J.: 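Below: one structure in structure tokens.
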2 protein chains.
Amino acid sequence: MKLTSRGRYAVMALVDLARFDNINPVSLRDISLRQGISLDYLEQIFSKLRKKEIVQSVRGTQGGYVLNKKAKEIKLNNIFEAVDEKVKTVQCNKESKKGCNGKSIKCVTHNLWDELENHINNFFKEKSLEDLVKDNIERRI
Amino acid sequence: MKLTSRGRYAVMALVDLARFDNINPVSLRDISLRQGISLDYLEQIFSKLRKKEIVQSVRGTQGGYVLNKKAKEIKLNNIFEAVDEKVKTVQCNKESKKGCNGKSIKCVTHNLWDELENHINNFFKEKSLEDLVKDNIERRI
DNA sequence: ATAAACCTGACTAAAATAGTCAAGTATCTT
DNA sequence: AAGATACTTGACTATTTTAGTCAGGTTTAT
Ligand code: FES
Ligand code: FES
């Protein structure tokens, strides 16, 4: 199981944004430079974040992005959902002969993976962007 | 983040094995049929499980595999480790200019991913094969 | 002997990921 | 009005990983 870059970048970028958007919108170029993430890739990611109303865009010179909610109200699971970083542990193939078909037949481990999925998602639901920013400021990164 | 088939199959197969190895070794062919997993793929997986001493093989006719430890002592993290299903959340690229280089420079989210990794691994360390078998018997699957 | 079952390594196809590239549009500054 | 900055979109590509196949063994009970 691994975390994809897309998910990781989304969180990195938003932590950056949360720290610097107090005065002016933050341009993706700045985030790109500070966090070492490809500008083009950031654009893809922010397009998704905007559609899910996690950030707001400001076009034109001096434009950029701003958080669309309080950092406290943005949880990790919201971010991941927005960028399609979903936790998927079950198989449950519609048309498998044996085992994982999800409906009538559940494989011997189905419940286990369900538990795991919840376990992970709980972690994401608890953490807010604000928590992350605070952590960072404390450690002076 | 998703669980790979290899990891899922390894656990499915071992749960099956744990239920049926009391009298005779269990052949991969039987597991393949019961769980709907490709025999060739199972062989790859069991080769790894054997090397990590989670199962023991019995060659020849009527051969098969047997658990090498008590089901209670086999934890999920042992299984995953054996089949290289590792949890990887950090990036920490050795040679990245900005951000994740892991040594001197840690990106703004490094600690978060570390926490996540621990969170997930704790789940794996707690669950034993015995727990899973019991669950299954209770639910009469 | 022979069949069942383990053993091994190489090979391949498909999917997902991590980007890149190109051609815009909107808005601020001068 | 011109130019620069920065958002917007969609298509395209390379790389990597995963999942699975295949072929050719060896061991051992009967
Ligand atoms: S994971 Fe859902 S039935 Fe196997
Ligand atoms: S994840 Fe370790 S430095 Fe970014």
Side-chain angles (χ1 to χ4, degrees), chain A residues 1-10 12-13 17 20-21 24-33 35-52 54-66 68 80 83-89 91 93 96 99-100, chain B residues 1-10 12-13 17 20-21 24-33 35-52 54-66 68 80 83-89 91 93 96 99-100:
Chain A
M1 317 195 66
K2 64 177 175 246
L3 189 68
T4 66
S5 293
R6 199 171 60 247
R8 191 182 301 104
Y9 289 168
M12 285 171 71
L17 187 56
F20 293 104
D21 79 341
N24 294 312
V26 180
S27 72
L28 293 189
R29 196 176 136 278
D30 284 356
I31 298 182
S32 167
L33 291 173
Q35 303 299 331
I37 303 170
S38 141
L39 178 57
D40 282 321
Y41 205 12
L42 274 178
E43 275 169 352
Q44 271 187 46
I45 292 169
F46 273 75
S47 162
K48 294 184 185 220
L49 292 173
R50 191 177 61 83
K51 277 174 192 152
K52 291 298 171 66
I54 289 175
V55 297
Q56 253 190 337
S57 68
V58 180
R59 300 188 73 151
T61 320
Q62 305 299 331
Y65 286 91
V66 186
N68 197 26
F80 279 167
V83 299
D84 304 310
E85 169 86 31
K86 27 185 174 274
V87 178
K88 196 187 172 209
T89 56
Q91 175 82 289
N93 200 327
S96 104
C100 305
Chain B
M1 315 196 67
K2 65 175 176 250
L3 189 68
T4 66
S5 292
R6 199 171 60 247
R8 191 182 301 104
Y9 289 168
M12 285 170 72
L17 186 57
F20 294 104
D21 80 339
N24 293 314
V26 179
S27 72
L28 293 189
R29 195 177 137 278
D30 285 356
I31 298 182
S32 166
L33 291 173
Q35 304 299 331
I37 303 170
S38 142
L39 178 58
D40 282 321
Y41 205 13
L42 274 178
E43 274 170 354
Q44 272 186 46
I45 293 169
F46 273 75
S47 161
K48 294 183 187 223
L49 292 173
R50 190 176 61 83
K51 277 174 194 153
K52 290 298 171 65
I54 290 174
V55 296
Q56 252 190 339
S57 68
V58 181
R59 301 189 73 152
T61 320
Q62 305 299 331
Y65 287 91
V66 185
N68 197 26
F80 280 168
V83 299
D84 303 311
E85 170 87 31
K86 28 185 175 273
V87 178
K88 198 189 169 205
T89 57
Q91 174 81 288
N93 200 326
S96 105
C100 305

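Predicted model only: the values in this text are computed from it and were never measured. Naming: A, B, ... by sequence-line order, numbering from 1 per chain.
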J.: Taking only the side-chain heavy atoms of Q44(A) (C-beta and beyond), determine which of dT20(C), dT8(C), dA6(D) contains the nearest atom.
T.: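 So the side chain of Q44(A) is nearest to dT20(C).
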
J.: Working to the nearest 0.5 angstrom, can you tell me the gap between S27(A) OG and L33(A) CG?
T.: 8.0 Å

J.: Between L42(A) (CG) and dA18(C) (P), how many Å, whole number?
T.: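 For the pair L42(A) CG and dA18(C) P, the rounded distance is 13 Å.
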
J.: Which nucleotide, dT9(D), dT21(D), dA6(D), lies nearest any side-chain atom of D40(B)?
T.: dT21(D)

J.: Tell me which of L39(A) and T61(A) sits closer to the 5' end of DNA chain C, going by the nucleotide each one is nearest to.
T.: L39(A)

J.: In terms of the nearest nucleotide of DNA chain D, which residue is placed more toward the 5' end: S47(A) or G63(A)?
T.: G63(A)

J.: Send over the distance from Q35(A) CD to dG19(C) C1', rounded to a whole Å.
T.: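 In whole Å, dG19(C) C1' lies 18 Å from Q35(A) CD.
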
J.: Separation of M1(A) atom CE from dA16(C) atom P, in whole Å?
T.: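 These atoms are roughly 16 Å apart.
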
J.: How far apart are the C-alpha atoms of E43(B) and L28(B), what are their side-chain angles, what is the distance that settles it, and do they pass the side chain to side chain contact (heavy atoms under 4.5 Å, CB included) test?
T.: CA-CA 7 Å; E43(B) 274 170 354; L28(B) 293 189; 3.5 Å; yes

J.: So, is R50(A) near the phosphate of dT9(D), with a side-chain N or O under 4.0 Å from OP1 or OP2?
T.: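 So the side-chain polar atoms of R50(A) do come within 4.0 Å of the phosphate oxygens OP1 or OP2 of dT9(D), strictly under.
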
J.: Under 4.0 Å, heavy atoms only, any strand: does V26(A) hit a base, just the sugar-phosphate, or nothing?
T.: sugar-phosphate

J.: Determine, step by step, whether Q62(B) and N24(B) satisfy the side chain to side chain contact (heavy atoms under 4.5 Å, CB included) criterion, reporting the C-alpha distance in whole Å, the side-chain angles of both residues, the deciding distance to 0.1 Å, and the verdict.
T.: CA-CA 8 Å; Q62(B) 305 299 331; N24(B) 293 314; 6.0 Å; no

J.: Taking only the side-chain nitrogens and oxygens of S57(B), find out if one of them lies under 4.0 Å from OP1 or OP2 of dC7(C).
T.: yes

J.: Counting side-chain heavy atoms from C-beta on, which of dC21(C), dA6(D), dG19(C) comes nearest to S38(A)?
T.: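 Ranking dC21(C), dA6(D), dG19(C) by closest atom to the S38(A) side chain puts dG19(C) first.
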
J.: What's the separation between atom OH in Y65(A) and atom CD1 in I54(A), rounded to the nearest 0.5 Å?
T.: 13.0 Å

J.: Roughly how many Å is it from NZ in K88(B) to P in dA16(C), rounded to a whole number?
T.: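 So the two atoms are 20 Å apart, to the nearest Å.
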
J.: Give the nucleotide from the list dG20(D), dT8(C), dG19(C) with an atom nearest to the side chain of S5(B).
T.: dG20(D)

J.: Do side-chain atoms of R29(A) reach the backbone of G64(A) as a donor and acceptor pair under 3.5 angstrom?
T.: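 Pair absent, no side-chain N/O of R29(A) close to backbone of G64(A).
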
J.: Whole Å only: how far is the CG atom of L28(B) from the C1' atom of dC7(C)?
T.: 10 Å

J.: Would you mind reading off the distance between E85(A) atom CD and dA18(C) atom C1', rounded to a whole angstrom?
T.: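 Checked: the CD to C1' distance equals 13 Å.
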
J.: Look at the side chain of T4(A) and decide which nucleotide, out of dA18(C), dA29(D), dT8(D), has an atom nearest to it.
T.: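 Among the listed nucleotides, the one closest to the side chain of T4(A) is dA18(C).
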
J.: Of the options dT18(D), dT8(C), dC28(C), whose atoms approach the side-chain atoms of K51(B) most closely?
T.: dT8(C)

J.: Between C1' on dA18(C) and OH on Y9(A), what's the gap in Å once rounded to a whole number?
T.: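 Interatomic distance, OH of Y9(A) to C1' of dA18(C): 8 Å.
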
J.: Which nucleotide, dT21(D), dG19(C), dT25(C), lies nearest any side-chain atom of R59(A)?
T.: dT25(C)

J.: By the 4.0 Å heavy-atom rule, please label K2(B) as base, sugar-phosphate, or nothing.
T.: sugar-phosphate

J.: Scan Y65(B) against the nucleic acid and name what it touches under 4.0 Å (heavy atoms): base, sugar-phosphate only, or nothing.
T.: sugar-phosphate

J.: Describe, in one word, how the ring planes of Y41(B) and Y9(B) are oriented to each other, choosing from parallel (under 30°), tilted (30 to 60°) and perpendicular (over 60°).
T.: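 Y41(B) vs Y9(B) ring planes: perpendicular.
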
J.: Between P on dA18(C) and CG on L3(A), what's the gap in Å once rounded to a whole number?
T.: 9 Å

J.: Measuring from the side chain of Y41(A) (C-beta onward, heavy atoms only), which nucleotide among dA18(C), dA19(D), dT8(D) has the closest atom?
T.: dA18(C)

J.: Has the side chain of E43(B) got a donor or acceptor atom sitting under 3.5 Å from an opposite partner on the base of dT21(D)?
T.: no

J.: Counting only side-chain heavy atoms from C-beta out, which of dT8(C), dT8(D), dA5(C) sits nearest to R29(B)?
T.: dA5(C)

